[in-house]
2 protein chains.
Amino acid sequence: MTTNETGTRAPRGPYAKSKQRRESIVMAAHEVFAAHGYRGGSLQGVADKVGMSQTSLLHYFPSKGDLLLAVLNWRDTVTGDGGARDPRESLVDAVVRQARFNETVPGVIELYTVLCAESVTDNHPGRDYFTQRYEGLRRSYLQQFSALADAGRLRPGVDPERAAASLIALWDGIQTQWLMAPERIDMAGALRDYLDMVILPE
Amino acid sequence: MTTNETGTRAPRGPYAKSKQRRESIVMAAHEVFAAHGYRGGSLQGVADKVGMSQTSLLHYFPSKGDLLLAVLNWRDTVTGDGGARDPRESLVDAVVRQARFNETVPGVIELYTVLCAESVTDNHPGRDYFTQRYEGLRRSYLQQFSALADAGRLRPGVDPERAAASLIALWDGIQTQWLMAPERIDMAGALRDYLDMVILPE
(Lines give C-alpha, C1' and ligand atoms only; values in the text may rest on other atoms or scores of the structure.)
Protein backbone atom coordinates (compact mmCIF):
# COMPACT_ATOMS: atom_id res chain seq x y z
CA MET A 1 0.00 0.00 0.00
CA THR A 2 1.38 3.37 -1.01
CA THR A 3 0.22 6.40 0.96
CA ASN A 4 1.56 9.89 0.79
CA GLU A 5 0.54 11.98 3.74
CA THR A 6 3.56 14.28 3.94
CA GLY A 7 2.63 16.39 0.97
CA THR A 8 6.26 16.65 -0.12
CA ARG A 9 5.59 14.80 -3.35
CA ALA A 10 2.06 15.87 -4.02
CA PRO A 11 1.77 14.51 -7.58
CA ARG A 12 2.27 10.95 -6.34
CA GLY A 13 -0.75 11.06 -4.03
CA PRO A 14 -3.60 10.97 -6.53
CA TYR A 15 -1.55 8.76 -8.84
CA ALA A 16 -0.94 6.21 -6.10
CA LYS A 17 -4.61 6.23 -5.15
CA SER A 18 -5.68 5.78 -8.75
CA LYS A 19 -3.21 2.91 -9.11
CA GLN A 20 -4.63 1.23 -6.00
CA ARG A 21 -8.14 1.62 -7.33
CA ARG A 22 -7.17 0.07 -10.66
CA GLU A 23 -5.54 -2.84 -8.86
CA SER A 24 -8.57 -3.53 -6.71
CA ILE A 25 -10.81 -3.43 -9.81
CA VAL A 26 -8.53 -5.90 -11.60
CA MET A 27 -8.57 -8.26 -8.61
CA ALA A 28 -12.37 -8.10 -8.43
CA ALA A 29 -12.69 -8.66 -12.19
CA HIS A 30 -10.38 -11.64 -11.87
CA GLU A 31 -12.76 -13.23 -9.36
CA VAL A 32 -15.86 -12.45 -11.40
CA PHE A 33 -14.42 -13.72 -14.72
CA ALA A 34 -13.00 -16.87 -13.10
CA ALA A 35 -16.40 -17.68 -11.60
CA HIS A 36 -18.61 -16.80 -14.58
CA GLY A 37 -16.36 -16.45 -17.64
CA TYR A 38 -15.88 -13.19 -19.48
CA ARG A 39 -19.25 -13.24 -21.21
CA GLY A 40 -21.10 -14.43 -18.13
CA GLY A 41 -19.40 -11.97 -15.77
CA SER A 42 -20.94 -8.49 -15.54
CA LEU A 43 -19.30 -5.11 -15.04
CA GLN A 44 -21.96 -4.46 -12.42
CA GLY A 45 -20.76 -7.54 -10.53
CA VAL A 46 -17.20 -6.18 -10.57
CA ALA A 47 -18.34 -2.71 -9.49
CA ASP A 48 -20.34 -4.20 -6.60
CA LYS A 49 -17.30 -6.11 -5.38
CA VAL A 50 -15.15 -2.96 -5.13
CA GLY A 51 -18.04 -0.84 -3.86
CA MET A 52 -18.16 1.68 -6.69
CA SER A 53 -20.69 2.54 -9.35
CA GLN A 54 -20.40 1.11 -12.84
CA THR A 55 -19.91 4.68 -14.14
CA SER A 56 -16.92 5.21 -11.84
CA LEU A 57 -15.49 1.86 -12.89
CA LEU A 58 -15.73 2.85 -16.55
CA HIS A 59 -13.59 5.87 -15.71
CA TYR A 60 -10.73 3.45 -14.97
CA PHE A 61 -11.48 0.91 -17.71
CA PRO A 62 -13.50 2.32 -20.62
CA SER A 63 -14.87 -1.09 -21.64
CA LYS A 64 -15.29 -4.66 -20.41
CA GLY A 65 -12.73 -5.70 -23.04
CA ASP A 66 -10.14 -3.30 -21.60
CA LEU A 67 -10.75 -4.76 -18.17
CA LEU A 68 -10.29 -8.28 -19.55
CA LEU A 69 -6.88 -7.39 -21.00
CA ALA A 70 -5.82 -5.82 -17.70
CA VAL A 71 -6.78 -9.07 -15.92
CA LEU A 72 -4.84 -11.17 -18.45
CA ASN A 73 -1.76 -8.98 -18.11
CA TRP A 74 -2.01 -9.15 -14.34
CA ARG A 75 -2.20 -12.94 -14.60
CA ASP A 76 1.08 -12.99 -16.52
CA THR A 77 2.87 -11.24 -13.68
CA VAL A 78 1.51 -13.77 -11.15
CA THR A 79 2.14 -17.04 -12.91
CA GLY A 80 5.22 -16.42 -15.03
CA ASP A 81 5.60 -18.29 -18.30
CA GLY A 82 7.09 -21.67 -17.39
CA GLY A 83 10.53 -20.54 -18.54
CA ALA A 84 13.80 -21.24 -16.75
CA ARG A 85 14.48 -19.10 -13.69
CA ASP A 86 18.17 -19.02 -14.44
CA PRO A 87 20.23 -20.39 -17.33
CA ARG A 88 21.33 -23.45 -15.34
CA GLU A 89 17.77 -24.62 -14.66
CA SER A 90 16.78 -27.43 -17.03
CA LEU A 91 13.58 -27.32 -19.08
CA VAL A 92 12.03 -30.16 -17.07
CA ASP A 93 12.88 -28.52 -13.73
CA ALA A 94 11.41 -25.18 -14.87
CA VAL A 95 8.20 -26.80 -16.13
CA VAL A 96 7.73 -28.93 -13.01
CA ARG A 97 8.40 -25.93 -10.73
CA GLN A 98 5.82 -23.87 -12.59
CA ALA A 99 3.23 -26.70 -12.56
CA ARG A 100 3.70 -27.15 -8.79
CA PHE A 101 3.23 -23.42 -8.29
CA ASN A 102 0.06 -23.48 -10.40
CA GLU A 103 -1.45 -26.01 -7.97
CA THR A 104 -1.37 -23.26 -5.35
CA VAL A 105 -3.42 -20.80 -7.44
CA PRO A 106 -6.48 -22.74 -8.70
CA GLY A 107 -8.48 -19.52 -9.21
CA VAL A 108 -5.86 -18.20 -11.61
CA ILE A 109 -5.78 -21.50 -13.51
CA GLU A 110 -9.57 -21.52 -13.75
CA LEU A 111 -9.52 -17.96 -15.10
CA TYR A 112 -6.93 -18.86 -17.71
CA THR A 113 -8.75 -22.03 -18.80
CA VAL A 114 -12.13 -20.35 -19.16
CA LEU A 115 -10.94 -17.19 -20.91
CA CYS A 116 -8.64 -19.06 -23.26
CA ALA A 117 -11.41 -21.38 -24.52
CA GLU A 118 -13.93 -18.54 -24.64
CA SER A 119 -11.52 -16.51 -26.77
CA VAL A 120 -12.09 -18.81 -29.77
CA THR A 121 -15.71 -17.59 -29.94
CA ASP A 122 -16.84 -14.76 -32.25
CA ASN A 123 -15.38 -11.29 -31.68
CA HIS A 124 -13.91 -12.10 -28.28
CA PRO A 125 -11.64 -9.29 -27.03
CA GLY A 126 -9.12 -11.81 -25.66
CA ARG A 127 -8.50 -13.56 -29.01
CA ASP A 128 -5.34 -11.63 -30.03
CA TYR A 129 -3.88 -11.98 -26.56
CA PHE A 130 -4.19 -15.79 -26.62
CA THR A 131 -3.13 -16.17 -30.26
CA GLN A 132 0.03 -14.19 -29.52
CA ARG A 133 0.59 -16.01 -26.26
CA TYR A 134 0.55 -19.39 -28.01
CA GLU A 135 2.84 -18.16 -30.78
CA GLY A 136 5.30 -16.83 -28.21
CA LEU A 137 5.21 -20.01 -26.11
CA ARG A 138 5.66 -22.27 -29.16
CA ARG A 139 8.63 -20.17 -30.29
CA SER A 140 10.21 -20.32 -26.84
CA TYR A 141 9.86 -24.11 -26.46
CA LEU A 142 10.92 -24.67 -30.07
CA GLN A 143 14.19 -22.88 -29.28
CA GLN A 144 14.73 -25.02 -26.20
CA PHE A 145 13.93 -28.32 -27.96
CA SER A 146 16.14 -27.28 -30.91
CA ALA A 147 19.03 -26.59 -28.55
CA LEU A 148 18.52 -30.03 -26.98
CA ALA A 149 18.43 -31.60 -30.47
CA ASP A 150 21.74 -29.86 -31.32
CA ALA A 151 23.19 -31.32 -28.13
CA GLY A 152 22.03 -34.81 -29.21
CA ARG A 153 19.54 -34.94 -26.34
CA LEU A 154 16.23 -35.07 -28.23
CA ARG A 155 14.80 -38.56 -28.76
CA PRO A 156 15.39 -39.59 -32.40
CA GLY A 157 12.26 -38.93 -34.46
CA VAL A 158 10.96 -36.13 -32.23
CA ASP A 159 10.23 -32.97 -34.21
CA PRO A 160 11.09 -29.87 -32.08
CA GLU A 161 8.22 -27.80 -33.50
CA ARG A 162 5.57 -30.45 -32.87
CA ALA A 163 7.00 -31.21 -29.44
CA ALA A 164 6.70 -27.50 -28.54
CA ALA A 165 3.00 -27.40 -29.48
CA SER A 166 2.42 -30.75 -27.74
CA LEU A 167 4.02 -29.71 -24.45
CA ILE A 168 1.80 -26.61 -24.30
CA ALA A 169 -1.27 -28.66 -25.29
CA LEU A 170 -0.60 -31.30 -22.64
CA TRP A 171 -0.16 -28.57 -20.04
CA ASP A 172 -3.43 -26.81 -20.95
CA GLY A 173 -5.37 -30.06 -21.11
CA ILE A 174 -4.09 -31.50 -17.86
CA GLN A 175 -5.03 -28.23 -16.11
CA THR A 176 -8.64 -28.68 -17.24
CA GLN A 177 -8.78 -32.23 -15.86
CA TRP A 178 -7.10 -31.09 -12.65
CA LEU A 179 -9.68 -28.32 -12.13
CA MET A 180 -12.43 -30.97 -12.30
CA ALA A 181 -10.69 -33.67 -10.24
CA PRO A 182 -7.70 -32.19 -8.37
CA GLU A 183 -7.29 -35.28 -6.18
CA ARG A 184 -7.00 -37.59 -9.21
CA ILE A 185 -4.71 -35.62 -11.53
CA ASP A 186 -0.97 -35.05 -11.07
CA MET A 187 -0.19 -32.09 -13.35
CA ALA A 188 3.53 -31.94 -12.68
CA GLY A 189 3.77 -35.74 -13.03
CA ALA A 190 2.14 -35.74 -16.46
CA LEU A 191 4.47 -33.00 -17.71
CA ARG A 192 7.56 -34.69 -16.30
CA ASP A 193 6.56 -38.04 -17.85
CA TYR A 194 6.29 -36.36 -21.24
CA LEU A 195 9.59 -34.48 -21.01
CA ASP A 196 11.38 -37.58 -19.69
CA MET A 197 10.33 -39.41 -22.85
CA VAL A 198 11.20 -36.58 -25.26
CA ILE A 199 14.53 -35.57 -23.69
CA LEU A 200 17.34 -38.12 -23.38
CA PRO A 201 19.43 -38.18 -20.18
CA GLU A 202 22.74 -36.33 -20.25
CA MET B 1 -36.80 -35.88 -43.05
CA THR B 2 -39.75 -37.94 -41.91
CA THR B 3 -43.13 -37.07 -43.35
CA ASN B 4 -46.32 -38.99 -42.96
CA GLU B 5 -48.87 -37.99 -45.53
CA THR B 6 -50.67 -41.29 -45.95
CA GLY B 7 -52.50 -41.16 -42.66
CA THR B 8 -52.06 -44.90 -42.18
CA ARG B 9 -49.94 -44.42 -39.09
CA ALA B 10 -51.50 -41.33 -37.66
CA PRO B 11 -49.80 -41.38 -34.24
CA ARG B 12 -46.39 -41.00 -35.87
CA GLY B 13 -47.27 -37.69 -37.51
CA PRO B 14 -47.20 -35.34 -34.54
CA TYR B 15 -44.40 -37.32 -32.95
CA ALA B 16 -42.24 -37.04 -36.06
CA LYS B 17 -42.98 -33.33 -36.30
CA SER B 18 -42.10 -32.78 -32.65
CA LYS B 19 -38.88 -34.75 -33.12
CA GLN B 20 -37.96 -32.60 -36.11
CA ARG B 21 -38.62 -29.46 -34.15
CA ARG B 22 -36.43 -30.66 -31.30
CA GLU B 23 -33.64 -31.47 -33.72
CA SER B 24 -33.77 -28.06 -35.39
CA ILE B 25 -33.69 -26.38 -31.96
CA VAL B 26 -30.64 -28.45 -30.96
CA MET B 27 -28.83 -27.56 -34.19
CA ALA B 28 -29.58 -23.86 -33.69
CA ALA B 29 -28.46 -24.02 -30.05
CA HIS B 30 -25.26 -25.71 -31.17
CA GLU B 31 -24.48 -22.75 -33.45
CA VAL B 32 -25.35 -20.17 -30.79
CA PHE B 33 -23.34 -21.86 -28.01
CA ALA B 34 -20.34 -22.45 -30.29
CA ALA B 35 -20.31 -18.77 -31.28
CA HIS B 36 -20.96 -17.22 -27.86
CA GLY B 37 -20.47 -19.92 -25.24
CA TYR B 38 -23.27 -21.22 -23.05
CA ARG B 39 -23.40 -18.19 -20.78
CA GLY B 40 -23.05 -15.70 -23.64
CA GLY B 41 -25.61 -17.44 -25.87
CA SER B 42 -29.25 -16.50 -25.31
CA LEU B 43 -32.40 -18.61 -25.60
CA GLN B 44 -33.86 -15.73 -27.61
CA GLY B 45 -31.02 -16.09 -30.09
CA VAL B 46 -31.79 -19.80 -30.47
CA ALA B 47 -35.54 -19.12 -30.82
CA ASP B 48 -34.86 -16.48 -33.51
CA LYS B 49 -32.77 -18.93 -35.50
CA VAL B 50 -35.55 -21.51 -35.68
CA GLY B 51 -38.26 -18.87 -36.09
CA MET B 52 -40.25 -19.64 -32.96
CA SER B 53 -41.02 -17.72 -29.81
CA GLN B 54 -38.98 -18.28 -26.66
CA THR B 55 -42.16 -19.56 -24.99
CA SER B 56 -42.64 -22.22 -27.68
CA LEU B 57 -38.99 -23.19 -27.37
CA LEU B 58 -39.37 -23.67 -23.61
CA HIS B 59 -42.14 -26.15 -24.41
CA TYR B 60 -39.49 -28.43 -25.95
CA PHE B 61 -36.67 -27.66 -23.51
CA PRO B 62 -37.86 -26.37 -20.13
CA SER B 63 -34.56 -24.60 -19.38
CA LYS B 64 -31.35 -23.41 -21.00
CA GLY B 65 -29.53 -26.10 -19.03
CA ASP B 66 -31.73 -28.82 -20.56
CA LEU B 67 -30.97 -27.47 -24.00
CA LEU B 68 -27.24 -27.53 -23.23
CA LEU B 69 -27.38 -31.20 -22.28
CA ALA B 70 -29.30 -32.01 -25.46
CA VAL B 71 -26.59 -30.27 -27.49
CA LEU B 72 -23.84 -32.18 -25.67
CA ASN B 73 -25.58 -35.50 -26.21
CA TRP B 74 -26.08 -34.68 -29.88
CA ARG B 75 -22.37 -33.90 -30.13
CA ASP B 76 -21.55 -37.36 -28.83
CA THR B 77 -23.47 -38.97 -31.66
CA VAL B 78 -21.63 -36.85 -34.25
CA THR B 79 -18.05 -37.18 -33.13
CA GLY B 80 -17.85 -40.59 -31.50
CA ASP B 81 -15.42 -41.12 -28.66
CA GLY B 82 -12.07 -41.87 -30.27
CA GLY B 83 -12.46 -45.59 -29.57
CA ALA B 84 -11.62 -48.38 -31.98
CA ARG B 85 -14.14 -48.96 -34.76
CA ASP B 86 -13.54 -52.71 -34.66
CA PRO B 87 -11.40 -54.88 -32.38
CA ARG B 88 -8.62 -55.15 -34.95
CA GLU B 89 -8.10 -51.39 -35.17
CA SER B 90 -5.09 -50.28 -33.12
CA LEU B 91 -5.31 -47.47 -30.56
CA VAL B 92 -3.12 -45.18 -32.66
CA ASP B 93 -5.16 -45.81 -35.82
CA ALA B 94 -8.42 -45.12 -33.99
CA VAL B 95 -7.10 -41.89 -32.43
CA VAL B 96 -5.62 -40.61 -35.70
CA ARG B 97 -8.84 -41.43 -37.60
CA GLN B 98 -10.91 -39.53 -35.04
CA ALA B 99 -8.53 -36.54 -35.05
CA ARG B 100 -8.67 -36.35 -38.86
CA PHE B 101 -12.45 -36.47 -38.73
CA ASN B 102 -12.49 -33.68 -36.13
CA GLU B 103 -10.66 -31.41 -38.60
CA THR B 104 -13.79 -31.59 -40.78
CA VAL B 105 -16.11 -30.31 -38.03
CA PRO B 106 -14.45 -27.18 -36.56
CA GLY B 107 -17.78 -25.86 -35.25
CA VAL B 108 -18.27 -29.00 -33.17
CA ILE B 109 -14.72 -28.77 -31.80
CA GLU B 110 -15.23 -25.12 -30.93
CA LEU B 111 -18.45 -25.98 -29.11
CA TYR B 112 -16.74 -28.73 -27.14
CA THR B 113 -13.73 -26.58 -26.22
CA VAL B 114 -15.80 -23.62 -25.05
CA LEU B 115 -18.40 -25.58 -23.10
CA CYS B 116 -15.84 -27.85 -21.46
CA ALA B 117 -13.77 -24.93 -20.11
CA GLU B 118 -16.88 -22.99 -19.13
CA SER B 119 -18.13 -26.00 -17.19
CA VAL B 120 -15.46 -25.48 -14.50
CA THR B 121 -17.15 -22.19 -13.54
CA ASP B 122 -19.67 -21.90 -10.68
CA ASN B 123 -22.94 -23.84 -10.99
CA HIS B 124 -22.53 -24.63 -14.68
CA PRO B 125 -25.16 -27.15 -15.86
CA GLY B 126 -22.56 -28.99 -18.00
CA ARG B 127 -20.21 -29.76 -15.10
CA ASP B 128 -21.45 -33.31 -14.37
CA TYR B 129 -21.47 -34.18 -18.06
CA PHE B 130 -17.81 -33.22 -18.49
CA THR B 131 -16.66 -34.73 -15.19
CA GLN B 132 -18.26 -38.05 -16.16
CA ARG B 133 -16.97 -37.80 -19.70
CA TYR B 134 -13.38 -37.43 -18.47
CA GLU B 135 -13.77 -40.28 -15.98
CA GLY B 136 -15.14 -42.54 -18.72
CA LEU B 137 -12.42 -41.59 -21.20
CA ARG B 138 -9.63 -42.09 -18.65
CA ARG B 139 -11.05 -45.50 -17.74
CA SER B 140 -11.25 -46.53 -21.39
CA TYR B 141 -7.69 -45.47 -22.26
CA LEU B 142 -6.37 -46.93 -19.00
CA GLN B 143 -7.77 -50.32 -20.08
CA GLN B 144 -6.13 -50.03 -23.47
CA PHE B 145 -2.74 -48.95 -22.11
CA SER B 146 -2.91 -51.70 -19.46
CA ALA B 147 -3.57 -54.30 -22.16
CA LEU B 148 -0.56 -52.99 -24.10
CA ALA B 149 1.54 -53.15 -20.92
CA ASP B 150 0.48 -56.79 -20.41
CA ALA B 151 1.59 -57.49 -23.99
CA GLY B 152 4.99 -55.90 -23.24
CA ARG B 153 4.24 -53.05 -25.61
CA LEU B 154 4.23 -50.07 -23.25
CA ARG B 155 7.51 -48.16 -22.98
CA PRO B 156 9.21 -49.08 -19.70
CA GLY B 157 8.49 -46.45 -17.05
CA VAL B 158 5.18 -45.34 -18.59
CA ASP B 159 2.33 -45.46 -16.08
CA PRO B 160 -0.93 -46.51 -17.84
CA GLU B 161 -3.11 -44.27 -15.67
CA ARG B 162 -1.02 -41.14 -16.19
CA ALA B 163 -0.67 -41.91 -19.90
CA ALA B 164 -4.48 -42.13 -20.18
CA ALA B 165 -4.95 -38.67 -18.62
CA SER B 166 -2.07 -37.28 -20.70
CA LEU B 167 -3.44 -38.55 -24.02
CA ILE B 168 -6.80 -36.87 -23.35
CA ALA B 169 -5.07 -33.69 -22.15
CA LEU B 170 -2.86 -33.50 -25.23
CA TRP B 171 -5.90 -34.01 -27.44
CA ASP B 172 -7.93 -31.25 -25.74
CA GLY B 173 -5.03 -28.84 -25.72
CA ILE B 174 -4.00 -29.36 -29.32
CA GLN B 175 -7.61 -28.75 -30.38
CA THR B 176 -7.52 -25.32 -28.73
CA GLN B 177 -4.31 -24.36 -30.56
CA TRP B 178 -5.73 -25.73 -33.82
CA LEU B 179 -8.89 -23.62 -33.47
CA MET B 180 -6.69 -20.50 -33.23
CA ALA B 181 -4.15 -21.43 -35.92
CA PRO B 182 -5.48 -24.33 -38.06
CA GLU B 183 -2.76 -23.88 -40.70
CA ARG B 184 0.03 -24.20 -38.13
CA ILE B 185 -1.16 -27.11 -35.98
CA ASP B 186 -1.27 -30.79 -36.99
CA MET B 187 -3.64 -32.40 -34.47
CA ALA B 188 -3.35 -35.95 -35.74
CA GLY B 189 0.45 -35.58 -36.00
CA ALA B 190 0.81 -34.50 -32.38
CA LEU B 191 -1.32 -37.42 -31.16
CA ARG B 192 0.54 -39.95 -33.31
CA ASP B 193 3.92 -38.63 -32.12
CA TYR B 194 2.82 -39.14 -28.53
CA LEU B 195 1.45 -42.65 -29.04
CA ASP B 196 4.49 -43.66 -31.10
CA MET B 197 6.65 -42.79 -28.09
CA VAL B 198 4.45 -44.47 -25.49
CA ILE B 199 3.68 -47.67 -27.43
CA LEU B 200 6.53 -49.90 -28.58
CA PRO B 201 6.34 -51.47 -32.06
CA GLU B 202 4.99 -55.01 -32.28
Side-chain angles (χ1 to χ4, degrees), chain A residues 33-41 106 109-110 112-124 127 130-131 133-135 137-138 155 157-159 161-163 165-181 184-187 189-194 196-198, chain B residues 33-41 106 109-124 127 130-131 134-135 137-138 155 157-159 161-163 165-181 184-187 189-194 196-198:
Chain A
F33 292 156
H36 305 289
Y38 169 73
R39 294 196 196 276
I109 302 308
E110 181 175 322
Y112 169 82
T113 299
V114 174
L115 295 183
C116 175
E118 219 183 24
S119 81
V120 305
T121 61
D122 293 359
N123 303 316
H124 194 285
R127 179 64 171 264
F130 282 105
T131 304
R133 180 182 152 79
Y134 280 118
E135 278 172 13
L137 279 175
R138 282 197 296 263
R155 179 172 295 283
V158 171
D159 174 64
E161 195 161 352
R162 255 155 48 173
S166 295
L167 174 60
I168 300 161
L170 172 62
W171 201 328
D172 284 346
I174 207 72
Q175 286 188 162
T176 304
Q177 289 182 61
W178 175 77
L179 285 169
M180 291 189 192
R184 306 270 298 265
I185 299 295
D186 177 358
M187 292 197 284
L191 291 162
R192 189 177 23 225
D193 284 355
Y194 178 74
D196 280 351
M197 272 195 301
V198 168
Chain B
F33 292 156
H36 305 289
Y38 168 73
R39 294 197 196 275
I109 303 308
E110 182 175 323
L111 177 90
Y112 169 81
T113 299
V114 174
L115 295 182
C116 174
E118 219 183 26
S119 81
V120 304
T121 61
D122 293 359
N123 303 315
H124 194 285
R127 178 63 171 264
F130 282 105
T131 305
Y134 280 117
E135 277 171 15
L137 279 175
R138 282 196 296 260
R155 178 173 297 282
V158 171
D159 174 66
E161 194 161 352
R162 263 174 17 191
S166 295
L167 174 60
I168 300 160
L170 173 62
W171 200 330
D172 284 346
I174 206 73
Q175 287 190 159
T176 304
Q177 288 182 61
W178 175 78
L179 285 169
M180 291 190 191
R184 307 270 299 263
I185 299 297
D186 177 0
M187 291 196 286
L191 291 162
R192 190 179 21 223
D193 284 356
Y194 178 74
D196 280 350
M197 274 194 300
V198 168

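This structure is a prediction, so every number in the text was calculated from the model and none was measured. Residue numbers begin at 1 in each chain, while the letters A, B, ... track the order of the sequences.
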If one checks every heavy atom of A:Ile174 against chain B at 4.5 Å, the contacting part turns out to be both

Rounded to the nearest 0.5 Å, the OG1 atom of A:Thr176 sits from the CZ atom of B:Phe130 at a distance of 10.5 Å

Note: vs chain A, highest number of non-hydrogen pairs under 4.5 angstrom among B:Val198, B:Leu167, B:Thr131, B:Asp193 is B:Asp193

Sorted by chain and residue number, the side chain to side chain donor-acceptor pair (under 3.5 Å) partners of A:Thr121 (sequence neighbours excluded) come out as A:Arg39

So, the part of A:Leu191 with a heavy atom under 4.5 Å from chain B: the answer is neither

Whatever's closer than 4.5 Å to a heavy atom in chain A on B:Ala34 counts as backbone

Between B:Met180 and A:Ser119 the two heavy atoms that sit nearest each other are CE-OG, 3.3 Å

With chain B, the option among A:Gly37, A:Gly40, A:Cys116, A:Gly189 that has the most non-hydrogen atom pairs under 4.5 Å is A:Gly189

Ring pair (Phe, Tyr, Trp, His ring centres under 6.0 Å) filter on B:Tyr134, not counting sequence neighbours, yields none

Under 4.5 Å to a heavy atom of chain B? For A:Ala181 that would be side chain

Looking only at B:Glu135, B:Arg138, B:His124, B:Glu161, most heavy-atom pairs under 4.5 Å shared with chain A are made by B:Arg138

If one checks every heavy atom of B:Leu179 against chain A at 4.5 Å, the contacting part turns out to be both

In terms of heavy-atom pairs under 4.5 Å with chain A, the winner among B:Thr113, B:Val120, B:Asp172 is B:Val120

Closest non-hydrogen contact found for B:Ala190 with A:Ser166 is CB-OG, 3.5 Å

Ranking A:Val158, A:Val114, A:Leu115 by heavy-atom pairs under 4.5 Å to chain B gives rank one to A:Val114

Rounded to the nearest 0.5 Å, the CG atom of B:Asp159 sits from the CG atom of A:Asp186 at a distance of 9.5 Å

Greatest number of non-hydrogen atom pairs under 4.5 angstrom with chain A, of B:Gln177, B:Glu118, B:Arg184, B:Gln175, falls to B:Gln177

For A:Ala117 and B:Ala117 the tightest heavy-atom approach is CB-CB, 3.3 Å

